[in-house]
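Side-chain atoms are counted along with the backbone in the values below, which use heavy atoms only and exclude waters and symmetry mates.
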Amino acid sequence: MNIYLISQYENTGFNTYDTAVVIAESEEAARLTHPSGEEEWIDESWADPEDIEVELLGEAMEGARAGVVCASFHTG
């Protein structure tokens with residue numbers, strides 16, 4: 001498992017996420033992780049997967065579970 005920074009710059013208004021740190025098995029799995037931690041996401045708080053930038057930060061500790069570590073959410 002790896003630790004990734006995921007970012008989006010498509011939805012920049014209020015009540016949107018801009019970045020999150022996630023643990024995932026791959027870059028593609030990180031790209032498909034919604035910062036809220038929900039599995040399905042059809043809303044304007046995040047961007048489409050093809051608009052998500054993914055940066056590898058490092059390797060997660062052994063035994064770490066996939067999911068959101070922290071996220072940045074802008075409220076209005």
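T19 contributes atom OG1, which lies 11.5 Å from atom CD of E53 (distance to the nearest 0.5 angstrom). In this structure, T16 OG1 and Y9 OH are separated by 12.0 Å, a value rounded to the nearest 0.5 Å.
Residue L5 is grouped with residue I3 when hydrophobic side chains (ILVMFWY) are merged at heavy-atom distances under 4.5 angstrom, including chains of intermediate members. Hydrophobic clustering, with ILVMFWY side chains joined whenever heavy atoms are under 4.5 angstrom apart, groups V68 together with I52.
Between V54 and E27, the shortest heavy-atom contact is CG1-CG, 3.5 Å. For the pair S26 and A29, the tightest heavy-atom approach, listed with the atom from each and the gap, is OG-N, 3.0 Å. Heavy-atom minimum distance, M1 versus I23: CB-CG2, 3.9 Å. Heavy-atom minimum distance, A24 versus A30: CB-N, 3.6 Å. Listed here is the closest heavy atom pair of S45 and F73: CB-CE1, 4.4 Å.
Between Y4 and the choices L57, V69, T33, L56, the side chain to side chain contact (heavy atoms under 4.5 Å, CB included) rule is met once, by L56. Of the residues listed (E10, Q8, R31), the one engaging D51 in a side chain to side chain contact (heavy atoms under 4.5 Å, CB included) is E10, and it is the only one.
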**Request:** Start with the C-alpha gap between D18 and H74, add the side-chain angles, then the distance that decides, and say whether side-chain contact (heavy atoms from CB on, under 4.5 Å) holds.
**Result:** CA-CA 8 Å; D18 64 352; H74 299 274; 3.0 Å; yes
